[in-house]
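Step one of this worksheet: look at the structure below.
Just the heavy atoms: all of them, side chains too, but no hydrogens, waters or symmetry mates, feed the values below.
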Amino acid sequence: QHQVYSSFVDDAGGRGSEYVENHYLLGSVEEIIEQLHQYREAGFDTVILAPPGSQEYDDRAYERQIDRLSTTILPEVVE
């Protein structure tokens, strides 16, 4: 995971760690679910979820991330 995060963060390209931490959901599955619940409590009714892009990702990595979103995270936050 750290390798993918490191390749996703691009300090030279303007997508540094501060930007990523302010614009993306980060953490364990449980932490991301909690963050999504906090968005709902704050009044959000729409959040767009997509796996982050990275040079380290191949098609199988994207598929695993989409699977994780649809089977692990979404059932916990969609009413």
Side-chain angles (χ1 to χ4, degrees):
Q1 285 181 347
H2 180 61
Q3 183 181 19
V4 171
Y5 177 81
S6 296
S7 67
F8 180 67
V9 173
D10 176 12
D11 290 316
R15 190 171 59 188
S17 57
E18 184 176 337
Y19 177 86
V20 170
E21 290 171 12
N22 287 325
H23 292 85
Y24 291 86
L25 297 174
L26 304 172
S28 68
V29 169
E30 293 79 17
E31 291 168 328
I32 290 172
I33 290 169
E34 179 58 31
Q35 290 173 51
L36 289 168
H37 284 296
Q38 290 174 2
Y39 279 127
R40 176 175 285 145
E41 290 170 12
F44 285 80
D45 61 2
T46 303
V47 176
I48 298 171
L49 300 175
S54 168
Q55 293 176 350
E56 302 296 322
Y57 270 30
D58 58 17
D59 289 341
R60 288 181 307 205
Y62 279 115
E63 289 172 12
R64 284 192 306 271
Q65 289 297 320
I66 290 170
D67 262 357
R68 179 176 279 171
L69 286 170
S70 65
T71 62
T72 306
I73 295 174
L74 290 181
E76 297 297 325
V77 295
V78 175
E79 293 180 347

Spatial distance of atom [atom1] ([X]) from atom [atom2] ([Y]) [nearest 0.5 Å]:
| X | Y | atom1 | atom2 | value |
| --- | --- | --- | --- | --- |
| Glu76 | Glu30 | CD | CD | 9.0 Å |
| Gln35 | Leu26 | CD | CG | 7.0 Å |
| Glu34 | Glu31 | CD | CD | 9.5 Å |
| Arg60 | Asp67 | CZ | CG | 13.5 Å |
| Ile66 | Leu74 | CD1 | CG | 11.0 Å |

For this session: Take Ile32 and Leu49 through the test side chain to side chain contact (heavy atoms under 4.5 Å, CB included) and record every step on the way to the result.
Result: CA-CA 11 Å; Ile32 290 172; Leu49 300 175; 5.8 Å; no
Problem set entry | Single-linkage hydrophobic cluster Val29~Val47, side-chain heavy atoms < 4.5 angstrom | yes
Exercise. Is there a path from Val20 to Leu25 through hydrophobic residues (I, L, V, M, F, W, Y) whose side chains come within less than 4.5 Å of each other?
Worked result: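 No, no single cluster joins them.
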Exercise. Looking only at heavy atoms, which two atoms of Ser70 and Pro75 are closest? And how far apart?
Worked result: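 That would be O-CD, 3.4 Å.
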Exercise. Counting distance only, does the side-chain N/O of Thr72 pair as donor-acceptor with the main-chain N or O of Leu69 below 3.5 Å?
Worked result: no
Exercise. Got a donor-acceptor contact below 3.5 angstrom from the Arg40 side chain to the Val77 backbone?
Worked result: yes
